[in-house]
Chemist: 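Here it is, the structure, as structure tokens.
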2 protein chains.
Amino acid sequence: MTTVNDKLLYLIAKLYYEQELTQQEIGDQLGLSRFKIQRLLTKAREQGIVRIELVPPTDKRCKHLEAELQRTFGLKGAVVVPGEYRSEQVLRKVLGLTAAELLPDLIDGKRNIGLGCGRTILEMLNHIDIDEPHAVTVVPLFGGMENIEPEFQVNALVQKLAAALGGEYRAIYAPVIAGSAEARATIVSDPMIKSVVDMWDCLDLAIVGIGHSIATYGSAFMRTISEKDKDDITNAEAAGDVCRQMFSITGEPCKLELNSRLIAMGLEQLKRVPLVVAIAGGKAKTRAILGALRGRYIKFLISDEATVRHVLALHQENAHILRA
Amino acid sequence: MTTVNDKLLYLIAKLYYEQELTQQEIGDQLGLSRFKIQRLLTKAREQGIVRIELVPPTDKRCKHLEAELQRTFGLKGAVVVPGEYRSEQVLRKVLGLTAAELLPDLIDGKRNIGLGCGRTILEMLNHIDIDEPHAVTVVPLFGGMENIEPEFQVNALVQKLAAALGGEYRAIYAPVIAGSAEARATIVSDPMIKSVVDMWDCLDLAIVGIGHSIATYGSAFMRTISEKDKDDITNAEAAGDVCRQMFSITGEPCKLELNSRLIAMGLEQLKRVPLVVAIAGGKAKTRAILGALRGRYIKFLISDEATVRHVLALHQENAHILRA
DNA sequence: ATATGTGATGCACAAATGTGCATGTCCGAC
DNA sequence: GTCGGACATGCACATTTGTGCATCACATAT
């Protein structure tokens with residue numbers, strides 16, 4: 001019964017996938033209806049008789065750029081995808097995929113993982129494919145925002161990563177920005193929230209995006225803050241942010257009143273994490289990435305060739321600022 | 001340039017084959033047209049980024065039946081596909097496929113290969129998949145018929161096998177039945193034909209079907225012969241044929257006037273070939289297969305469980321005929 | 001400047017594939 | 001027997017995919 005099927009399924013699969021006959025043609029040849037062939041093919045796929053494998057393109061990477069990044073900014077590592085991507089959408093997906101492929105190496109031996117949020121991070125989560133479960137705990141690196149789609153919610157992202165890794169996660173039930181410094185203090189001292197925030201001091205790994213201040217994160221974050229805050233940011237010449245913490249193109253943290261209300265992992269805290277992986281690319285983020293690198297906030301960068309070239313060029317170009 | 005594509009192709013392939021999005025959905029996500037996705041997918045397949053592999057069903061075989069066949073009829077080997085196939089069409093394809101898979105083992109070290117003709121043989125040829133070329137010479141085992149489709153022509157079949165194996169072939173330009181014994185003699189002594197016919201004495205391997213006389217080979221052969229010949233065959237109680245040579249259910253060659261006109265490898269000649277592989281199955285061929293086995297004309301049988309059970313049962317049942 | 005060719009692009013249409021459903025079939029329980 | 005359920009079958013229809021073609025962009029030769 002089943003053995004008949006085995007050979008038959010294999011035969012049909014061969015005719016369909018190897019000889020590229022249509023289901024109708026196979027049906028005619030075998031004296032079976034097209035529908036039957038269709039269902040048998042489905043069964044063949046289910047039973048694993050047909051195995052579709054995707055060969056990852058021989059990981060061509062821009063080793064020289066990676067080495068230069070490491071040298072120049074004291075990184076523990078870098079991965080630079082070759083080529084130039086004109087579409088932001090495509091680039092995000094490519095970087096997300098690349099990050100997902102690297103993830104097994106990155107999380108190896110890690111217990112507490114902090115996760116940022118953003119579209120590229122989400123793309124990464126969509127492509128994670130891990131065999132054995134890892135006993136990790138995933139925590140968000142900052143509070144949430146209510147005015148964005150559910151799938152971008154920090155808690156949804158940590159949940160997703162934990163699920164993909166087979167570990168646990170901690171959700172944060174605090175806003176990324178409190179109404180006042182006092183409100184922040186109150187919120188952060190709340191036991192449930194404190195237990196998450198306290199974990200920021202004992203992370204083994206943080207995975208973050210890099211925002212380019214004005215219009216960052218689909219500008220959802222920017223929509224959250226007041227006009228005065230925006231002016232502050234502009235005046236401070238913020239080049240970008242990591243974990244919502246702004247810094248200038250030299251890597252100096254921006255002194256903003258906003259900071260006192262932020263419920264987010266701090267830059268100095270971040271520097272103490274053994275491994276901070278940033279995923280970021282795109283011409284618009286050039287200044288932001290450069291700032292993050294100069295500030296030594298990140299220790300591993302996943303980006304693309306065109307962007308990295310821009311970053312390195314910009315670094316050469318206005319290196320005098322640093323000396324000044 | 002190409003490197004951009006590599007990652008992108010892989011990404012698209014992943015979305016399509018792993019996440020099972022439609023081409024349209026992928027296009028929307030990436031901001032590319034459906035057509036572009038379509039073409040990139042084609043390219044991904046061409047470049048081997050998508051690899052579709054067919055896992056042959058764990059070669060479940062009826063070892064016990066194979067052993068019994070070997071023991072009972074002194075075969076060098078047998079392969080019995082499990083199950084019962086109600087459709088002749090399906091059975092032919094399954095047997096052809098099975099034979100094609102066995103072929104590499106069967107031809108190993110062989111130089112001169114004789115090939116019969118028939119629908120199952122053709123199916124086998126359709127599935128041959130060999131890596132390195134074999135230095136073989138393929139010859140037909142009997143003459144041709146003009147009243148059948150071109151793809152069933154003996155010369156087409158030997159050509160096809162030779163092509164699949166990467167070897168050479170000899171075509172025969174003689175009819176399977178001459179008009180008279182004298183005509184046969186003349187034809188066979190023609191140098192070009194003789195050189196092929198002479199090879200029947202130095203074959204290392206023959207691959208044949210088994211016909212069940214009346215209505216054999218889509219009855220094309222039967223349409224070729226006269227009414228008197230048919231009566232002769234009926235009177236001689238022919239059970240089947242190999243290479244057009246008729247025999248009874250006991251395996252005795254039929255003494256027919258027709259034989260004197262046949263341009264086909266003889267049964268005694270066949271017995272001298274080190275390895276004769278027959279591919280045959282189906283209830284209707286029970287008697288024919290039994291006759292071929294009893295006559296020891298074949299040394300290797302590829303068939304199916306249901307048929308073999310019938311054959312063995314029939315053998316037990318009328319074994320007394322042999323003793324008589 | 002003007003031809004010329006090569007390749008990318010998207011469209012209309014054709015072909016192939018997938019799916020919910022009504023019907024039919026088989027088989028065991030009662 | 002007959003009832004009920006699980007499952008197979010084929011159909012109409014919806015979705016998805018594939019393809020020939022006209023168009024356009026761009027580069028190279030004339």
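Lettering follows sequence order; numbering is per chain, from 1.
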Chemist: Identify, with sequence neighbours excluded, every residue that meets salt bridge (charged side-chain N to carboxylate O under 4.0 Å, His left out) alongside A:E66.
Modeler: A:R61
Chemist: Under the rule for side-chain hydrogen bond (donor to acceptor under 3.5 Å, both in side chains), what residues qualify as partners of B:Y169, not counting sequence neighbours?
Modeler: none
Chemist: Salt bridge (charged side-chain N to carboxylate O under 4.0 Å, His left out) with B:R309: which residues, sequence neighbours excluded?
Modeler: B:E305
Chemist: CD of A:E25 versus C1' of C:dT17: gap in Å, rounded?
Modeler: 14 Å
Chemist: Inspect the contact between A:E88 and A:K283 and indicate whether a charged nitrogen and a carboxylate oxygen are less than 4.0 angstrom apart.
Modeler: no
Chemist: For the helix from C:dA1-D:dT30 to C:dC30-D:dG1, what angle lies between the axis at the first five pairs and the axis at the last five pairs, to 10 degrees?
Modeler: 20°
Chemist: Once salt bridge (Lys or Arg N to Asp or Glu O under 4.0 Å) is applied, what residue pairs with a partner in residues 122-131 of chain B remain, sequence neighbours excluded?
Modeler: B:K93-B:E123
Chemist: Let me have a per-nucleotide readout for nucleotides 17-24 of chain D, 5' to 3', with B, S or -, counting only protein heavy atoms under 4.0 Å.
Modeler: BBBB----
Chemist: Give the rounded distance in Å between these two atoms: NZ of A:K36 and C1' of D:dA8.
Modeler: 7 Å
Chemist: In whole angstrom, give the distance that lies between atom CD1 of A:I12 and atom C1' of C:dT17.
Modeler: 15 Å
Chemist: Given 3.5 Å as the limit, does a donor-acceptor pair link the side chain of A:E18 with the main chain of A:A13, or not?
Modeler: no
Chemist: Atom CG of A:L40 to atom C1' of D:dG10: distance rounded to whole Å?
Modeler: 14 Å
Chemist: Report the distance from atom OG1 of B:T307 to atom CG of B:L91, rounding to the nearest 0.5 Å.
Modeler: 6.0 Å
Chemist: Just to confirm, is there a sub-4.0 Å distance from OP1 or OP2 of C:dT9 to any side-chain nitrogen or oxygen of B:S33?
Modeler: no
Chemist: What's the spacing between A:Q89 CD and B:D28 CG if we round to 0.5 Å?
Modeler: 9.0 Å
Chemist: Atom CD of B:E20 to atom P of C:dT17: distance rounded to whole Å?
Modeler: 16 Å
Chemist: Just how far, in rounded Å, is C1' of C:dT17 from OH of B:Y17?
Modeler: 14 Å
